[in-house]
Amino acid sequence: MSELADEYRLEYFEEEGFVRTECSECGAHFWTRDESRETCGEPPCAEYDFIDNPGFEAEYSLEEMREAFLSFFEERDHERIDPYPVAANRWRDDVLLTQASIYDFQPLVTSGETPPPANPLTVSQPCIRMQDIDNVGKTGRHTMAFEMMAHHAFNAREAAGNRYAYQGEVYWKDRTVELCDELLDSLGADVTDVTYIEDPWVGGGNAGPAIEVIYRGLELATLVFMCMEQDPDGEYELKDGNRYSYMDTYIVDTGYGLERWTWMSQGTPTVYEAIYPEMISFLKENAGISHTDEEAALVNRAAHLSGQLDIDDVDDVEAARDDLAAQLDVSTDELRTLLEPLEDIYAIADHCRTLAYMLGDGIVPSNVGTGYLARMVLRRTKRLCDTVGVDAPLDELVDMQADRLGYENRDTIRDIVRTEVEKYRETLERGGRRVESLSEEYAAKGEPIPTDELIELYDSHGIQPDMVAEIADDVGADVDVPDDFYSLVAQRHDSSGALESTTEEEDERFEDLPKTEKLYYDDQQRTQFEAVVLDVFERDEGYDVVLDQTMFYPEGGGQPADTGTLSTDDVTVDVTDVQIEDGVVLHRTDDTPGKGEFVNGQVDTGRRRQLMRHHTATHVVIHSAREVLGEHVRQAGAQKGVDSSRIDLRHYDRIDRDDVKEIERIANELVMDNTAVTQEWPDRHEAEAEHGFDLYQGGIPPGEQIRLIHVAEDVQACGGTHVARTGDIGAIKIRSTERVQDGVERITFAAGEAALEATQATEDALYEAAEVLDVSPADVPETAARFFEEWKDRGKQIEELTEQLAEARAGGGDGADEVDVGETTAVVDRIDTDVDELRATANAIAEEGTIAVLGSGEDSAQFVVAVPDGVGVNAGEVVGELAAKVGGGGGGPPDFAQGGGPDVDALDEALEDAPDVLRQIQDA
RNA sequence: GGGCCCAUAGCUCAGUGGGAGAGUGCCUCCUUUGCAAGGAGGAUGCCCUGGGUUCGAAUCCCAGUGGGUCCA
């Protein structure tokens with residue numbers, strides 16, 4: 001780290017009379033105005049010094065503190081921007097949730113490809129850190145949901161010129177520290193008590209010097225100066241062991257924890273009481289938690305102490321409780337009974353806030369991705385409510401937070417929560433029954449429930465081991481939950497966890513070629529153009545042709561490539577596929593038109609028209625689905641085609657037939673309105689400001705300008721080709737819906753000619769069915785139902801008749817051979833009929849006290865042997881012997897067996913041998 | 001994106017290659033008529049769909065559909 005030490009020698013520190021000191025406890029270097037100071041001030045080197053002794057002049061609520069921060073920076077030339085969604089996977093695919101304000105600008109802004117929405121800027125960004133979930137409520141300071149207040153400045157070195165989307169320096173380290181100092185001062189903090197600790201930051205391939213801002217034992221902010229990137233040849237080796245070098249861009253990345261600043265201003269025992277006091281008191285009352293003055297005092301003292309302990313995970317908390325109890329002079333159990341309900345309530349409040357953020361930003365509970373995280377949090381919250389005895393419905397609790405956070409889609413949020421709670425209830429009920437019967441089984445055997453079963457219950461049925469233990473205890477079965485239970489579950493999953501790193505090889509052949517001019521955006525209706533062949537590359541099969549400009553649409557955004565031809569005066573080549581790499585469009589052809597030639601390009605018009613219809617129709621269907629199902633509906637994927645297209649939508653429920661009809665109706669109304677479909681290329685930040693994040697249904701494009709497609713009121717960022725007016729779509733027909741994952745519904749639809757064909761295909765099927773039944777199409781459902789009922793009745797009748805026939809046969813006298821086998825007699829007969837009848841007959845004969853050996857030679861040779869009670873002949877063995885004679889096998893219980901073989905010709909011979917076989921087996 | 005589990009009577013489920021079952025509910029009768037009453041009898045099944053293996057599939061294999069669950 002010493003290499004970076006110079007980075008911290010700031011003019012600002014010098015001017016203000018700061019000294020650099022080494023902490024006497026941990027050895028960290030820090031800057032302070034107080035020359036006599038010895039420790040860095042951060043726990044465990046120091047204690048919380050603000051509980052019951054607020055560090056700021058006035059008390060602030062969460063909302064007031066946020067406003068104070070943002071307006072402070074606004075007054076100092078920062079532009080305030082709206083926060084981004086907590087679902088970071090909506091603009092980047094490397095993470096699921098927003099965990100810091102800088103996530104908003106990664107990777108496109110930090111890399112310099114796209115300009116920031118403002119520079120410098122300030123924001124209060126809601127974040128969710130799932131990794132803290134176990135600590136919430138217990139440590140007094142951990143929250144899963146929080147707002148990271150921040151100010152950012154994006155700088156680029158002068159020497160880089162215009163290579164990046166922003167140029168020059170806005171401000172750097174001195175101004176950043178100065179702003180922080182000034183902010184603390186403006187809130188009335190005692191700045192001589194503030195320490196700035198040197199703490200280099202490394203993460204995500206970037207690094208740089210960073211400063212932790214500590215006041216009265218609490219870390220209030222981290223000031224990161226991101227200016228290095230990982231580089232094997234880099235000059236500096238940092239704490240992660242990798243080498244780094246300086247970048248052309250350097251970025252001020254600060255993080256001020258809104259909750260901590262609020263807490264500091266109030267000095268409450270825990271952060272939770274400072275940030276949502278109303279909810280805490282509501283929950284306490286609802287759960288019936290009340291304390292005597294004596295107990296209240298004890299709780300307060302305990303909170304005081306636990307706040308000062310250095311506890312960063314739950315194991316520490318449990319261990320610390322003993323210490324705590326000793327210091328407070330009470331028993332550990334007594335302390336636990338008092339504190340645990342409070343801890344649960346703190347966690348419930350925090351989890352509800354997390355859920356409000358997640359669901360409010362359009363995350364739908366699911367078995368995959370962010371949806372799974374939402375489901376986990378929701379179920380955990382529900383369990384906490386049940387444990388502590390909060391009986392208010394969960395949707396109401398989440399709504400309290402959603403209301404406070406100002407979400408407008410509160411009804412949808414409540415609906416989602418209710419649906420999800422119901423699903424959880426069903427899972428628990430199912431699981432409960434399962435555990436019960438399993439427990440009874442093992443209790444009867446007198447064995448404990450094995451670990452395998454526990455893992456199976458958790459992994460496949462979502463039942464926690466503690467729940468199993470609870471139920472098993474009621475039934476009287478033993479359960480032994482191994483300490484490493486969850487790692488056993490994990491083992492079950494990584495059969496070969498080695499991720500295949502698909503290192504995409506950059507094709508360097510195209511580097512020197514200019515980007516192809518895209519004519520398909522100029523006039524989307526044209527399909528013919530002229531161009532110059534810049535280069536031709538030979539492939540394994542065929543060629544890649546690069547032109548100076550093209551009308552051919554390369555595959556992208558779920559729209560397949562155009563096909564068509566390129567012609568010179570001498571030759572015409574077929575274009576079978578079109579791809580784009582680094583802005584260079586590659587036309588895959590069967591032959592080469594020749595480098596340097598002028599070509600006439602012709603796009604396959606029919607195909608292109610269908611693709612355009614489907615693409616515009618996709619926008620229309622999404623729009624209709626949002627009208628019908630709700631604003632939370634979002635595209636999770638799409639694929640356009642010529643005959644049909646499909647879109648995957650995030651939705652928390654199944655799409656039923658009525659929904660489909662309504663979506664279809666609204667979509668076709670839009671088609672009939674025949675409104676214009678327009679495109680524009682606005683500045684991306686203006687577009688975002690006007691239309692919000694919902695623009696990006698199909699991913700986020702890079703660049704300063706983005707292409708927007710307007711269809712009626714619907715606006716989406718889109719790079720595809722579209723028809724000119726909605727009427728050109730012709731018609732939209734939804735062909736099917738299916739649930740592709742939990743929380744993701746796939747709609748398959750057809751547009752234009754394909755819609756007509758799809759409808760006709762369905763009608764054909766109906767007409768054919770009508771013809772078979774000889775009724776009119778309208779009568780098909782009723783007739784089919786009747787036929788089905790009648791068919792079932794026939795089955796029952798046949799069964800009855802078979803039995804009657806069998807009894808009649810057994811009554812005898814139809815010339816069957818009757819032979820003596822020891823003390824009993826046997827009937828040996830061949831009846832060419834199906835096995836059911838054979839079986840019934842054999843049973844009937846056996847009822848009369850006679851052994852039945854029946855054979856049938858309909859398709860293959862079949863035997864049925866029935867033996868009356870108390871006769872010492874094993875039917876299974878008899879059948880085995882007989883079946884072997886016809887080249888097959890057979891078996892069954894001793895009193896009734898069946899078998900057979902393929903050799904029908906040998907059937908009669910086998911039956912002739914049957915009496916001998918019977919006698920042999922009886923003797924044996 | 002990946003793994004695992006499940007689909008049998010109205011409901012809950014058992015049945016692992018050979019005659020489709022239990023509990024509960026339903027219908028009828030009897031006994032009682034007081035709170036989940038007792039007894040006797042009865043009806044109820046495309047064993048999810050399609051293919052394959054086999055003399056024979058609810059059962060084994062493959063695919064699909066529907067549902068559940070865990071992980072990244």
Side-chain angles (χ1 to χ4, degrees), chain A residues 89 93-96 130 366-373 375-376 379 423-424 426-434 436-438 440-441 452-453 455-464 485-497 499-500 636-637 654 736-742 744 787-789 791-796 799 802-803 806 834-844 846 852 855-867 875-876 879-880 882-904 906-907 910:
Chain A
N89 62 339
D93 51 17
D94 54 337
V95 292
L96 293 177
M130 293 289 292
S366 156
N367 61 336
V368 289
T370 47
Y372 179 61
L373 300 180
R375 172 166 291 172
M376 267 182 54
R379 293 186 171 190
K423 277 190 183 181
Y424 187 42
E426 281 169 18
T427 295
L428 287 184
E429 203 180 283
R430 238 193 326 269
R433 282 195 300 262
R434 205 180 183 87
E436 229 169 280
S437 66
L438 199 69
E440 279 165 14
E441 186 188 320
D452 279 358
E453 295 278 11
I455 293 175
E456 170 75 15
L457 282 171
Y458 177 70
D459 203 30
S460 299
H461 305 284
I463 308 159
Q464 261 88 1
F485 179 77
Y486 288 95
S487 63
L488 288 175
V489 175
Q491 265 176 35
R492 208 183 182 193
H493 286 275
D494 59 18
S495 47
S496 63
L499 283 171
E500 278 178 44
R654 296 307 312 264
S736 68
T737 60
E738 61 182 314
R739 194 198 71 147
V740 39
Q741 289 166 359
D742 208 5
V744 180
F787 276 25
F788 188 54
E789 286 304 317
W791 174 75
K792 287 196 284 189
D793 284 343
R794 293 277 153 87
K796 276 175 237 166
E799 212 172 306
T802 307
E803 250 160 69
D834 63 78
V835 192
D836 282 337
E837 204 176 316
L838 222 52
R839 208 160 47 202
T841 310
N843 271 328
S856 163
E858 257 197 330
D859 294 327
S860 58
Q862 293 282 336
F863 297 103
V864 172
V865 175
V867 178
V879 164
L882 295 177
K885 294 180 194 288
V886 292
D895 62 331
F896 186 93
Q898 53 185 297
D903 191 359
V904 182
L907 177 62

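Throughout, protein chains are lettered first and strands after them, A, B, ... in sequence-line order, and every chain is numbered starting at 1.
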Using atom C1' in both nucleotides, what's the gap between B:rU33 and B:rG39 to the nearest angstrom? 15 Å
Rounded to whole Å, CE of A:M376 lies from P of B:rU69 at a distance of 14 Å
For atom CH2 of A:W791 and atom P of B:rC46, their distance in whole Å: 8 Å
Inter-nucleotide C1' distance (B:rG19, B:rA36), Å rounded: 36 Å
Would you mind pulling out the nucleotide paired to B:rG41, Watson-Crick or G-U wobble, both distances under 3.5 Å? B:rC27
If pairing means Watson-Crick or G-U wobble with both distances under 3.5 Å, then the partner of B:rU49 is B:rA63
Could you tell me how far B:rG50 sits from B:rG42 if I compare only their P atoms? Round to whole Å. 33 Å
side-chain N/O A:R739 vs B:rG67 OP1/OP2, d < 4.0 Å: yes
Distance check needed: B:rC46 P versus A:E799 CD, whole Å only. 13 Å
Determine the contact category for A:E738: base if any of its heavy atoms lies under 4.0 Å from a base atom, sugar-phosphate if only primed atoms, P, OP1 or OP2 are that close, otherwise nothing. sugar-phosphate
Rounded to whole Å, the CG-C1' distance (A:D742 to B:rC70) equals 13 Å
When all nucleic acid strands are considered with a 4.0 Å heavy-atom cut-off, which category describes A:T427: base, sugar-phosphate, or nothing? sugar-phosphate
Determine whether A:R375 and A:D742 satisfy the following criterion, side-chain contact (heavy atoms from CB on, under 4.5 Å), listing intermediate values before the conclusion. CA-CA 11 Å; A:R375 172 166 291 172; A:D742 208 5; 2.8 Å; yes
In whole Å, measure the gap between the C1' atoms of B:rU65 and B:rG21 for me. 27 Å
In whole angstrom, give me the gap between the P atoms of B:rA22 and B:rC35. 27 Å
Out of curiosity, A:W791 CH2 to A:K796 NZ, how far, rounded to the nearest 0.5 Å? 11.0 Å
Do the non-hydrogen side-chain atoms of A:L96 and A:M130 ever get within less than 4.5 Å of each other? no
Any carboxylate oxygen within less than 4.0 angstrom of a Lys/Arg side-chain nitrogen, looking at A:E426 and A:K423? no
Check whether any side-chain N or O of A:S460 sits under 3.5 Å from a backbone N or O of A:L457 as a donor-acceptor pair, and report yes or no. no
Given side chains that start at C-beta, do those of A:R430 and A:H461 come closer than 4.5 Å, heavy atoms only? no
Can you confirm whether A:L838 sits close enough to A:F863 that some side-chain heavy atom of one is under 4.5 Å from a side-chain heavy atom of the other? no
In this structure, how many angstroms lie between the P atom of B:rG67 and the NZ atom of A:K423, rounded? 9 Å
Across all strands, who's sitting opposite B:rG34 as a Watson-Crick or G-U wobble pair, both distances under 3.5 Å? none
Check every strand shown and say whether A:F863 touches a base, only sugar-phosphate, or nothing at a heavy-atom separation below 4.0 Å. nothing
Distance, rounded to the nearest Å, where A:D452 contributes CG and B:rC70 contributes C1': 16 Å
Mind running side-chain contact (heavy atoms from CB on, under 4.5 Å) on A:Y458 and A:Q464 for me, showing each step along the way? CA-CA 6 Å; A:Y458 177 70; A:Q464 261 88 1; 4.1 Å; yes
Is the shortest side-chain N/O distance from A:K796 to OP1 or OP2 of B:rA43 below 4.0 Å? no
Return the value, rounded to whole Å, for the distance between atom OH of A:Y486 and atom P of B:rA72. 13 Å
Kindly indicate, with the supporting measurements, whether the criterion side-chain contact (heavy atoms from CB on, under 4.5 Å) is fulfilled by A:V864 and A:F896. CA-CA 8 Å; A:V864 172; A:F896 186 93; 3.7 Å; yes
Could you run down nucleotides 1-24 of chain B 5' to 3' and tag each one B, S or - for protein heavy-atom contact under 4.0 Å? BBBBS------SS----BB-----
Which whole number of Å gives the distance between the P atom of B:rA14 and that of B:rG23? 16 Å
Take atom CD of A:E426 and atom P of B:rG67, then tell me their distance rounded to the nearest Å. 12 Å
Specify the residue among A:A861 and A:F788 whose closest nucleotide of RNA chain B lies further upstream toward the 5′ end. A:F788
Span that lies between the C1' atom of B:rA57 and that of B:rG18, in whole angstrom: 10 Å
Give a yes/no answer on whether the side chain of A:K792 brings an N or O atom under 4.0 Å of OP1 or OP2 in B:rC46. yes
Looking only at atom P, what distance separates B:rG67 and B:rC26, rounded to whole Å? 30 Å
